[in-house]
Amino acid sequence: MAVNVSPELLIVMSPGATAEQTEHVVARLQEAGVDVRVSPGREATVIGAIGERELLASLPLEAYPGVEQVLPILKPYKLVSREIVPDGSLLEVRGRRIGHNWFGLIAGPCTVEYREQTLETARAVAAAGATMLRGGAFKPRTSPYTFQGLGHAALEILREAREETGLPIVTELMDPRHVEDVAEVADVIQIGARNMQNFLLLSELGRAGRPVLLKRGPSASVEELLMAAEYVAKEGNDRIILCERGIKTFERSTRYTLDLGSVAVLKHETHLPVIVDPSHAAGRRDLVLPLARAAAAVGADGIIVEVHPRPEEALCDGPQQVPAAEFAAFAREVRDVAALMGKEIG
Ligand code: PEP
Ligand code: MN
């Protein structure tokens, strides 16, 4: 028998509702076996009720004191939809923030190649005020004959970089068998564009206990991205950052086509923070800064950008990596645009 376990209702409390009234509604829902997400908004508290349709229908929700409105969630994505957290979510990791008025500046090498390369980059981006350090340990490469990443050895280097700089680590998970190992070092687990619809991998992230940076697949629609995020949220992990990194189109002048419109749409549709990867979208260094500024201007909550001490020697994505020596100036330019949007580097 198919069981409908999708979250179905939004219970909007009246602006004057008391905390006790909200708690009462939550308690009744929980007693009935319904999962609840409470979002204390600026204007009113919103309760998302997640459970079987029949179960929800059996509760006299409108009759509870303090309840103003009970609405069905009509979108196919429920837990990640904006309605659940009308003010948007803020992600906080080791004191660094992304979302609300905080602009996340995630920077670091495409790939961890060797200890000094990563530490040098980490020092440069930390000095420039970066929010987090990125670096690939397990790399999704188009060709099986190219460098595939240092794997576990890279995780140890990233751990050392965090110890030295204090920057939280963002690194990619490709294989569900590595969940524990990656989660041990990663403060944020990246799911790469190619794995956006690897549903088994997504479901594993519920037990990883780490925030997730979910990149949009090169051929995925905005709705497919949101449904992929829903897979993670459904497992009880809604600490998710979405990332627009360019899509495949007929256009060849950039590596991918950066879909900035999707950022505006996503900010409307979901409460999750949305960031942009100008590096993979551009594919060439000279375009990374203008795309990064555009990302800040369109209202993104941050960027993830590739930085290397000597891009000409990089084992992966050299043409698009910003030289570490230029990163402080790069960061200032992005910070200025973010400031126009009322945001500070988080
Ligand atoms: C990356 O960020 O290192 C990466 C491989 O990006 P994407 O998954 O967007 O191609
Ligand atoms: Mn790369």
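Remember, it's 1-based here, ligands and their atoms both numbered in the order they're listed. One-based numbering along the sequence shown.
- Of all protein heavy atoms, the one closest to atom 6 (O) of ligand 1 is K215 NZ, 3.0 Å.
- Of the possible donor and acceptor atoms, none in the side chain of K215 sits under 3.5 Å from a partner among the backbone N and O of N195.
- The shortest contact between atom 9 (O) of ligand 1 and any protein heavy atom is with R245 NE, 2.7 Å.
- When side chains are defined from C-beta on, L225 does not count as touching M227, because their heavy atoms never get closer than 4.5 Å.
- No N or O atom of G192 sits closer than 3.5 Å to an N or O atom of ligand 1.
- For the residue pair E113 and H308, a side-chain donor N or O sits within less than 3.5 Å of a side-chain acceptor on the partner.
- Counting only protein N, O or S atoms closer than 2.8 Å to the Mn ion (ligand 2) gives 4.
- Among the atoms of R134, some N or O lies under 3.5 angstrom from an N or O of ligand 1.
- A side-chain donor from one of E306 and H280 sits under 3.5 Å from a side-chain acceptor of the other.
- Side-chain contact, E251 with S253: a donor N or O sits under 3.5 Å from an acceptor N or O.
- Using a 4.5 Å heavy-atom cutoff, the side chains of F103 and V334 are in contact.
- A donor-acceptor pair shorter than 3.5 Å cannot be found between the side chains of S279 and Q320.
- Remark: ligand 1 and K139 share an N or O pair separated by less than 3.5 Å (distance only, no angle test).
- The closest approach between a heavy atom of Q190 and any atom of ligand 1 is below 4.0 Å.
- Tested against E269 for a salt bridge (charged side-chain N to carboxylate O under 4.0 Å, His left out), the candidates K78, K75, R82 yield a single pass: K75.
- The shortest contact between atom 8 (O) of ligand 1 and any protein heavy atom is with A193 N, 2.8 Å.
- Of all atoms in ligand 1, listed by their number and element, those nearer than 4.0 Å to a heavy atom of R194 are 7 (P), 8 (O), 10 (O).
- Inspection of the Q321 and R285 side chains reveals no N or O donor paired with an N or O acceptor under 3.5 Å.
- Y64 does not carry R28 over the face of its six-membered ring by the limits of under 6.0 Å from the centre and within 45° of the normal.
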